[in-house]
Amino acid sequence: MKNPYEVLGISPDATNEEVKNAYRALAKKYHPDNYADNPLAEMAEEKMKEINSAYDEILRMRAEQKNNQNGSNTNTSGDFNSNNNQVYAKIRHAINTGDFRTAEMLLNGVEQLKRGAEWFFLKGCVLLQSGYYFDAMRYIDRACELDPNNAEYRTLRDNLQRQANSYGNPHSRQGTGCNLCDICATIYCLDCMCGMCR
């Protein structure tokens, strides 16, 4: 496998936020939706797989390094052990590729006592795509309460609130061809992918 930092075009010394931003920029550029009916679609899909794998590997390495430094696999601040980081990386990948059934299954498989901010955020993203706007907002709000300093969670919550204020009741717009979930799908495909456990 290629050096994951080289795939994302960043230094191994990059901060978690820089890693996340690099991933988002590449995901936005190579997302398969951008290449529908395009001869480059297959190449973009392969590139996206490479980007996802690199990001997942960086998540894994950093979680492992952090656990080794702490001398423990758990803490109470919302960070999770290496196994949970891998599960959340898989969930984000499933969301990124539109496999919401798998994402839901993986989310349901996380023990209740281990469900922190990241779990609530990802659950909200899946509910949002399924059209359950108000339930999604409850989960995303809970993620923000559990991790108030997480810019990714706050950004999605704020974007959804702005969209709701702009477009009125989201339930009254479903089925119109341009509903809130269509708009939010674009937002969270860029913003809700691949958060870094801190």
Side-chain angles (χ1 to χ4, degrees), residues 1 4 7-8 19-20 23-24 26-36 41-64 73 78-143 146-147 150 152-153 155-157 159-160 174 179-197:
M1 177 182 174
V7 172
L8 296 189
V19 172
K20 191 189 303 181
Y23 173 84
R24 286 180 180 162
L26 290 170
K28 181 177 179 181
K29 181 176 180 180
Y30 291 104
H31 195 278
D33 290 350
N34 297 332
Y35 295 89
E42 194 173 314
M43 189 169 62
E45 187 175 341
E46 286 304 311
K47 183 67 175 174
M48 195 66 215
K49 286 179 184 175
E50 183 180 51
I51 293 165
N52 284 331
S53 294
Y55 188 78
D56 292 348
E57 180 63 14
I58 292 171
L59 274 180
R60 186 196 64 74
M61 291 189 306
R62 289 189 172 202
E64 191 174 282
N73 281 344
D79 289 344
F80 295 99
N81 64 29
S82 177
N83 289 336
N84 276 345
N85 286 338
Q86 290 173 13
V87 169
Y88 290 143
K90 287 178 183 177
I91 293 168
R92 286 178 175 271
H93 177 72
I95 292 170
N96 187 29
T97 57
D99 188 359
F100 301 105
R101 181 172 290 178
T102 297
E104 182 75 21
M105 181 190 70
L106 290 169
L107 283 164
N108 291 339
V110 175
E111 295 176 37
Q112 287 208 357
L113 293 176
K114 296 183 179 178
R115 294 179 180 181
E118 178 78 349
W119 187 90
F120 281 93
F121 178 69
L122 295 176
K123 179 75 171 181
C125 290
V126 171
L127 288 168
L128 183 63
Q129 178 59 25
S130 302
Y132 299 108
Y133 174 80
F134 290 108
D135 289 334
M137 281 301 297
R138 282 190 311 114
Y139 280 91
I140 293 166
D141 282 341
R142 181 66 178 139
L146 292 171
D147 190 356
N150 188 302
E152 180 184 23
Y153 303 168
T155 299
L156 180 58
R157 181 193 60 193
N159 286 342
L160 292 175
Q174 289 186 5
N179 62 33
L180 182 58
C181 289
D182 292 333
I183 295 161
C184 293
T186 302
I187 294 170
Y188 86 80
C189 277
L190 300 177
D191 288 330
C192 97
M193 318 235 188
C194 308
M196 183 75 62
C197 290

Shortest non-hydrogen contact from [X] to [Y]?
X	Y	result
Leu106	Val87	O-CG1, 4.4 Å
Phe100	Val126	O-CG1, 4.3 Å
Phe121	Ile140	O-CG1, 4.3 Å
Leu8	Ile51	CD2-CG2, 3.9 Å
Ala117	Ala143	O-CB, 3.3 Å
Arg24	Glu152	NH2-CG, 3.1 Å

Just wondering, do Tyr88 and Leu59 contact through their side chains at under 4.5 Å, heavy atoms?
-> no

Should Asn96 and His31 count as side-chain neighbours, where that means a heavy-atom distance under 4.5 Å?
->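 Side-chain contact under 4.5 Å: yes.
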
What residue pairs, at least two apart or across chains, pass salt bridge (Lys or Arg N to Asp or Glu O under 4.0 Å) with a residue in residues 127-143?
-> Asp135-Arg138, Arg142-Glu145

Scan for salt bridge (Lys or Arg N to Asp or Glu O under 4.0 Å) pairs involving residues 95-110, sequence neighbours excluded, and state none if there are none.
-> Glu104-Lys123

Main-chain N/O of Lys28 paired with Asn34 side-chain donor or acceptor, under 3.5 Å =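 Looks like yes, one N/O pair under 3.5 Å.
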
Do the side chain of Arg115 and the main chain of Asn108 share a donor and acceptor less than 3.5 angstrom apart?
->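 Indeed, once roles are kept as given, a pair shorter than 3.5 Å links the two residues.
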
Lys90 atom NZ, neighbour heavy-atom count above 12 within 6.0 Å =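 No - once you tally the heavy atoms of other residues, nucleotides and ligands closer than 6.0 Å, there are 12 at most.
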
Take Val7 and Ser53 through the test side chain to side chain contact (heavy atoms under 4.5 Å, CB included) and record every step on the way to the result.
-> CA-CA 9 Å; Val7 172; Ser53 294; over 6 Å; no

Kindly write out the residues that satisfy side chain to side chain contact (heavy atoms under 4.5 Å, CB included) with [X], not counting sequence neighbours, or none if the list is empty.
X	result
Met61	Pro4, Tyr5, Glu57, Ile58
Lys49	Glu45, Glu46
Ala136	Leu127, Leu128

Which residues satisfy the salt bridge (charged side-chain N to carboxylate O under 4.0 Å, His left out) test with Glu42, sequence neighbours excluded?
->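 Applying salt bridge (charged side-chain N to carboxylate O under 4.0 Å, His left out) to Glu42 gives none.
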
Show your reasoning for whether side chain to side chain contact (heavy atoms under 4.5 Å, CB included) applies to Glu118 and Ile91.
-> CA-CA 10 Å; Glu118 178 78 349; Ile91 293 168; over 6 Å; no

Please work out whether the ring planes of Tyr23 and Tyr55 are parallel, tilted or perpendicular, with thresholds of 30° and 60°.
-> tilted

Got a second to check how far Ile95's CD1 is from Leu122's CG, nearest 0.5 Å?
->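 Ile95 atom CD1 to Leu122 atom CG measures 5.0 Å (nearest 0.5 Å).
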
